[in-house]
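This report refers to the structure that appears directly beneath it.
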Amino acid sequence: ETGVTQSPTHLIKTRGQQVTLRCSSQSGHNTVSWYQQALGQGPQFIFQYYREEENGRGNFPPRFSGLQFPNYSSELNVNALELDDSALYLCASSLGTGRYEQYFGPGTRLTVT
Amino acid sequence: AQSVTQLDSQVPVFEEAPVELRCNYSSSVSVYLFWYVQYPNQGLQLLLKYLSGSTLVKGINGFEAEFNKSQTSFHLRKPSVHISDTAEYFCAVSPNNNDMRFGAGTRLTVKP
């Protein structure tokens, strides 16, 4: 069974650019959640997708957007990158919402210069 | 809204000693509680979770945690730590397991 995978592993972008991060969920999982983890801090919830629909959003501006595909893989898009967007972006998949365990990928390290 | 406070940012301990990592939470509704571990350059791995029922929860790698509703705490314990337990530990709370709120983390360092 393949776990949660994320690509790319590292990325360097310039302020003002746009970036797309990708996540492949674990087999059989229909729910994907995205988190931002700044250096030395705990992860912060960005949003969750359940069966291709957004199912909850944290306190992030609209330039953070997402998508979930019919195979339940997901993308996180960030427009107009700012220096503070530099962080580890984590994706987690689960069998559903509610009490199901979230399985995390290794993350994508984004550096904005 | 829910929030989590991890009371210790760093906990150094000698190998084979017991350890407790402290976590307090605040919430106006019933919540689910979690402890995750993060090794360097890796994602988070679930150690244990409290959803309902028994307040003493046992997890992987010999860890356990006790849910105390009156003190709004969910402290993580291990009776004897190993060098391999050195990692960052995160306590998290969620009303429904989608909007999961994490603490700032506790860095556990196990010394020989």
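Just so it is clear: chains get the letters A, B, ... in the order the sequence lines come, proteins before strands, and each one is counted from 1. Because the structure is predicted, anything quoted here is derived from the model rather than measured.
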Over 12 foreign heavy atoms within 6.0 Å of CG, A/N59: no
Value rounded to 0.5 Å, distance of CZ in B/R101 from CZ in A/F45: 9.0 Å
Part of A/I46 within contact of chain B (heavy atom distance under 4.5 Å): neither
Flag if over 12 foreign heavy atoms under 6.0 Å of NZ, B/K111: yes
Residues, nucleotides or ligands: over 12 heavy atoms within 6.0 Å of B/L7 CG: yes
With a cut-off of 3.5 Å and sequence neighbours excluded, list every side-chain donor-acceptor pair involving residues 47-57 of chain B.
{"unit_1": "B/S54", "atom_1": "OG", "unit_2": "B/L56", "atom_2": "N", "d": "3.4"}
{"unit_1": "B/S54", "atom_1": "OG", "unit_2": "B/L56", "atom_2": "O", "d": "3.4"}

Chain B contact via A/Q37 - which portion, at a heavy-atom distance below 4.5 Å: side chain
Crowding at CZ, A/R63 (>12 non-hydrogen neighbours, <6.0 Å): yes
Intermediate values then yes/no, side-chain contact (heavy atoms from CB on, under 4.5 Å), A/E101 and B/F34: CA-CA 10 Å; A/E101 176 181 343; B/F34 307 82; over 6 Å; no
Rounded distance [0.5 Å steps], CZ in B/F102 versus OH in A/Y35: 5.0 Å
Atom CG of A/L39 with >12 non-hydrogen neighbours under 6.0 angstrom: no
Non-hydrogen atoms of A/G42 and B/F90 that approach each other most closely: CA-CE2, 3.4 Å
Interchain contact, B/Q38 with chain A, by part (heavy-atom threshold 4.5 Å): side chain
Minimum-distance pair of heavy atoms, taken over all atoms of A/L90 and B/G43: CD2-CA, 4.1 Å
